**Q** 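Here it is: the structure, laid out below.
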Amino acid sequence: MIRTLMQLWQILTPLDKRKLLLTLILVMLMAVIEAAGVVSIMPFLAVLSNPDSIETNRFLSYFYQLFSSHNPQQFIMYLGLTSLFVVVFSAYFKIITQYTLNRFSSLQRHYFSTRLLNIYLRQNYEFFLQRNSSILSKNILSEVDQLIWTMIIPTLTLISFALVLIAMIGLLLIYNPVMALSTATVLGGFYSIIYWLVRKKLNQIGASFTEANAERYQSCQEALGGIKDVIINDAKQGYIDNFEQYSRVFAQHIATRDTLGQIPLYIIETVGYGCLIILAIILVMSGKDVSHILPILGLYGFAAYRMLPAAQNIYRAITQIKFAQPVFDILKPEFALEQLENNSPMRKQNIIFSRGICIENLSFAYPNRLDRPVLQNFNCKVAKNSSIGIVGKSGSGKSTLMDIMLGLLQAQQGKIYVDDVELTQENISSWQSIVGYVPQSIYLADKSVAENIAFGVPKTQIDMAQIEHVAKQAQIHDFVMQQLPQAYDTIVGERGVMLSGGQRQRLGIARALYKNPQILFMDEATSALDIETEQTVNEAIQSLNGQKTMVIIAHRESAVAKCDRILRLGK
Ligand SMILES: Nc1ncnc2c1ncn2[C@@H]1O[C@H](COP(=O)(O)OP(=O)(O)OP(=O)(O)O)[C@@H](O)[C@H]1O
């Protein structure tokens with residue numbers, strides 16, 4: 001567990017660490033004040049049970065004079081009020097500390113999930129080809145939550161209550177070392193035995209809990225993401241059953257974890273009460289009078305009142321941390337991706353495109369299918385402002401070639417030159433800033449038509465004149481103006497459900513043109529259009545011939561017939 005906590009410390013940023021240390025200082029102060037609250041009750045009880053102690057005890061007589069008390073009753077009142085003040089202040093301080101703890105942990109959840117989203121979005125495209133997006137969402141939203149609730153908060157609880165417990169035992173140690181040590185041994189021994197009995201179970205349910213969580217997310221995403229196929233293929237029940245099965249496991253494990261964390265409370269409360277009774281009997285049997293017994297019982301009683309919940313909370317925190325270990329094991333490598341990124345600082349390079357693109361000896365295979373290369377020793381040149389059509393059978397590697405040219409995939413062998421500059425990680429973002437891309441299937445966000453065309457541009461910075469210009473080029477302007485209720489402000493629905501396939505494609509073309517790219521890449525951009533619309537869109541695209549460099553993938557040769565060159569793949 002200590003190792004896990006040390007690793008947790010390592011994934012915190014320097015700022016997080018500073019905040020954590022400040023929070024811990026508050027927690028330590030809270031423990032001291034809490035101990036003071038317990039101590040403050042002793043003189044009160046001592047004078048209450050034996051007013052003569054004002055004369056016999058030098059501390060009491062000092063305070064008697066300090067308070068300028070006129071009689072023991074008045075002194076008792078002062079002592080009572082002082083003790084009450086300390087206890088009230090301690091409660092007030094506890095509220096402040098608790099708020100600081102809550103704020104720290106809650107904000108930490110926000111920092112962690114934002115950081116993780118940032119880490120993911122900075123990965124290259126190949127990373128996403130190998131990872132399931134529902135697992136990534138689960139890590140950002142659910143696992144970070146788990147990390148906070150079952151690791152960060154319990155760790156803070158553990159530290160704060162450990163300090164309270166140490167302070168209490170220290171206090172008893174001053175008063176009666178034998179009793180203090182035996183209390184510590186009984187408490188420590190009791191909780192250690194219970195923890196030892198449940199730790200294996202915690203480990204096991206922790207692992208199965210994270211697995212069930214992943215399945216829950218995946219079922220949801222698959223069922224809701226492919227709702228059309230789910231309805232048509234009557235796959236609803238299968239998804240409901242799958243979700244139900246894992247959701248139940250998820251819920252049951254939380255219940256088991258919480259119960260395992262609560263069990264000792266009831267036993268230890270009984271044990272604590274029994275110990276106080278035994279202590280009272282021992283004191284009575286040893287011949288001590290009530291005036292001696294009451295302060296001792298008061299101290300132990302009050303200390304137990306503070307110590308038992310502290311010990312219980314420590315135990316509970318430890319069980320939660322143990323349970324959360326598999327969650328941390330999932331998140332640790334994800335945060336390590338950030339370090340990999342930081343260790344390779346990239347110089348940004350600008351790319352200038354004035355002559356053409358040259359592909360030399362390119363070979364590529366997908367990482368999970370290295371034995372089956374998609375492209376081998378591929379060579380090709382595209383002059384600036386010329387157009388090239390790529391045709392070939394399905395699966396011949398057309399989209400893969402385009403992804404490599406776009407810098408989304410990296411070839412294992414071969415090079416791509418823009419003018420005479422090799423495309424590398426250092427200049428890829430500059431390259432991507434001058435290309436426009438229309439993919440096979442257009443992703444539309446649940447936003448307005450204008451926001452979808454100016455994808456990624458803040459709403460206030462959208463250039464409406466440019467939007468209309470590119471929408472006209474993509475043959476979508478008339479449809480938007482005549483048929484959409486709020487024209488360019490109409491919301492298109494999740495993934496553009498309110499539009500037809502052809503309308504989505506034309507929006508995709510408008511999006512690619514919006515940033516006025518120097519090179520336009522189109523992957524079957526007109527395949528969903530009827531012949532007439534395809535013809536008009538193609539004419540619009542062809543009208544850019546000579547003004548823009550165009551790389552066009554098409555199934556139908558007619559769609560690329562007007563290109564300067566045609567490249568056939570897979571022959
Ligand atoms: N992420 C991936 N992992 C492994 N193999 C892949 C991946 N994506 C594509 N492939 C394989 O690479 C080959 C080329 O695929 P690609 O999509 O480039 O073909 P294409 O010519 O564009 O086909 P289509 O015309 O049907 O779109 C196919 O055999 C395909 O199965």
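Computed from a predicted model, the values in this text were never measured in an experiment. In listed order, ligands and their atoms are each counted from 1. The first residue of the sequence shown is numbered 1, and numbering continues consecutively from there.
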**Q** Please state which protein non-hydrogen atom is closest to atom 9 (C) of ligand 1 and give its distance, to 0.1 Å?
**A**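 Closest protein heavy atom to atom 9 (C) of ligand 1: Tyr366 CE1, 3.4 Å.
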**Q** Taking the six-membered ring for Trp, are Phe378 and Phe364 ring centroids under 6.0 Å apart?
**A** no
**Q** Are Asp420 and Arg355 close enough for a salt bridge, meaning some N to O gap below 4.0 Å?
**A** yes
**Q** Hey, which of Ile442, Val438, Val449 is the one that makes side chain to side chain contact (heavy atoms under 4.5 Å, CB included) with Leu507?
**A**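 With Leu507 as partner, Ile442, Val438, Val449 yield a single side chain to side chain contact (heavy atoms under 4.5 Å, CB included), made by Val449.
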**Q** Out of Glu222, Glu215, Arg216, which residue meets the side chain to side chain donor-acceptor pair (under 3.5 Å) rule with Gln218?
**A** Glu222
**Q** Can you pull out the closest protein heavy atom to atom 31 (O) of ligand 1? Residue, atom name and distance to 0.1 Å, please.
**A**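 Answer, as residue, atom name and distance: Arg369 NH1, 3.6 Å.
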**Q** Taking 4.0 angstrom as the limit and counting only heavy atoms of Lys393, give me the atoms of ligand 1 inside it, by number and element.
**A** 21 (O)
**Q** Under 4.0 Å from any heavy atom of Ser396, which atoms of ligand 1 are there?
**A**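 So the atoms of ligand 1 that pass are 19 (O), 21 (O).
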**Q** Among residues at least two apart in sequence or on other chains, which ones pass side-chain hydrogen bond (donor to acceptor under 3.5 Å, both in side chains) with Ser363?
**A** none
**Q** To which protein heavy atom is atom 15 (O) of ligand 1 closest, and what is the distance rounded to 0.1 Å?
**A**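 I find the closest protein heavy atom is Thr400 OG1, 3.7 Å.
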**Q** Say whether, by atom type as modelled, one donor and one acceptor occur between the side chain of Asp463 and the main chain of Gln466 under 3.5 angstrom.
**A**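 Judged by distance alone, yes, a pair lies under 3.5 Å.
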**Q** Check Asn368 against ligand 1 and report side chain, backbone, both or neither, counting heavy atoms closer than 4.0 Å.
**A** side chain
**Q** Whether Arg131 and Glu334 form a salt bridge (side-chain N of Lys/Arg under 4.0 Å from carboxylate O of Asp/Glu) is what I want to check.
**A** yes
**Q** Without swapping roles, check the side chain of Lys415 against the backbone of Asn361 for a donor-acceptor pair under 3.5 Å.
**A** no
**Q** Any idea which atoms of ligand 1 are less than 4.0 Å away from a heavy-atom of His555?
**A**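 Per the distance check, 25 (O).
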**Q** Starting from atom 17 (O) of ligand 1, what is the nearest protein heavy atom, named by residue and atom, and what distance separates them?
**A**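 I find the closest protein heavy atom is Ser399 CB, 3.7 Å.
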**Q** If you have a sec, work out which protein heavy atom is nearest atom 26 (O) of ligand 1 and how many Å separate them, to one decimal?
**A** Ser394 OG, 2.6 Å
**Q** Please write down residue, atom name and distance for the protein heavy atom closest to atom 27 (O) of ligand 1.
**A** Gln440 NE2, 2.8 Å
**Q** Looking only at protein heavy atoms, which one is nearest to atom 25 (O) of ligand 1, and how far off is it?
**A**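 The answer is Lys398 NZ, 2.8 Å.
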**Q** With only distance considered, is Gly397 within less than 3.5 Å of ligand 1 through an N or O on each side?
**A**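 By distance alone, the answer is yes.
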**Q** Could you check atom 13 (C) of ligand 1 against the protein and tell me its nearest heavy-atom contact, residue, atom and distance included?
**A** Gly395 O, 3.8 Å
**Q** Residue-level breakdown please: for Glu524 versus ligand 1, do any non-hydrogen atoms fall below 4.0 Å on the side chain, on the backbone, on both, or on neither?
**A** side chain
**Q** Is the backbone of Leu444 close enough, under 3.5 Å, to the side chain of Asn452 for a donor and an acceptor to pair up by distance?
**A** no
